[in-house]
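All heavy atoms count here, side chains included; hydrogens, waters and symmetry mates do not. Quick caveat: nothing in here was measured; it's all calculated off a predicted structure. We count ligands from 1, going down the list as the structure has it; atoms in each ligand are counted the same way.
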Amino acid sequence: MAELFLKHISTRRTCYSIERKSPISDARILEIAQLVIKHSPSSFNCQSTRFVVLLRDEHHKFWEIAKECFKATMSDDEYMPYEKKLTERQAGYGTILLFEDLDVIRDYQHRFPRFKWHLLDFSEHNNAIQAFNLWTAFHLEGLGCNLQHVNPIVDLRVASEWDLSPHWSLKAQLVFGSPIGEPPHEKTFTPTESRIVVYASDSKIPIE
Ligand SMILES: Cc1cc2nc3c(=O)[nH]c(=O)nc-3n(C[C@H](O)[C@H](O)[C@H](O)COP(=O)(O)O)c2cc1C
């Protein structure tokens with residue numbers, strides 16, 4: 001039963017070679033974003049994640065802002081290797097900014113004081129689950145995607161450019177576009193037997 005899902009999660013990869021095209025319509029991109037944000041689980045079902053979908057010129061603008069912010073806070077030598085990477089991201093079709101709404105988290109901290117500090121961790125988990133689901137769904141639709149973290153350096157500029165609540169905390173950016181060029185590099189794996197420990201008193205389960 002799980003084979004299809006397991007196949008899908010094993011074929012999703014980081015793809016940096018992308019261009020400003022999309023194999024699917026903007027309407028489909030938004031439909032996927034809506035389904036993912038609706039159905040991904042969150043702590044206490046608090047639904048703290050927010051997406052800002054930037055396509056084409058708006059996507060380009062975001063990466064221009066990232067370049068300006070990096071350039072303004074780094075020496076020329078430090079910035080040089082970053083500029084190439086940021087230009088690569090900018091070459092894509094779109095970026096979804098993933099935020100956490102801190103007003104929601106604060107509300108749940110008041111309602112569930114025993115979980116006050118857990119809720120901050122849970123908020124990160126909520127966001128990561130959304131990112132993974134979005135990434136996998138886009139991959140299945142033929143988009144090449146990569147996950148970036150140019151926050152917090154860009155935060156103020158982003159809030160002001162797209163008129164966002166200052167209580168939305170930027171956590172990640174999922175960049176996407178039509179894949180071009182080389183397939184993703186070969187991935188190495190730490191043996192799973194060193195990463196999973198099983199205790200089952202009545203049976204021996206081999207881990208491969
Ligand atoms: C929580 C998390 C943070 C990541 N941050 C970045 C990042 O800032 N920049 C980047 O290029 N890749 C980032 N990645 C991508 C990982 O490097 C990549 O998923 C990993 O090397 C495995 O490769 P794969 O995605 O092809 O399976 C991140 C992935 C995760 C799960």
Query raised in the report: Exactly which residues line ligand 1, taking a heavy atom under 4.0 Å from it as the test?
Result: Arg12, Arg13, Thr14, Tyr16, Trp135, Leu147, Gln148, His149, Lys187

Query raised in the report: When the aromatic ring centroids of Phe51 and Phe99 are compared, is their separation below 6.0 Å?
Result: no

Query raised in the report: Among all residues two or more places apart in sequence or in another chain, which pass the side chain to side chain donor-acceptor pair (under 3.5 Å) test with Asp163?
Result: none

Query raised in the report: With sequence neighbours left out, which residue pairs that include part of residues 2-13 fulfil the side chain to side chain donor-acceptor pair (under 3.5 Å) condition?
Result: Thr11-His139

Query raised in the report: Using 30° and 60° as the class limits, which term best fits the ring planes of Tyr108 and Phe112: parallel, tilted or perpendicular?
Result: parallel

Requested in this report: Kindly say whether the aromatic ring centers of Phe70 and Tyr79 come within a distance under 6.0 Å.
Outcome: no

Query raised in the report: Glu141: what forms a salt bridge (Lys or Arg N to Asp or Glu O under 4.0 Å) with it, not counting sequence neighbours?
Result: Arg28

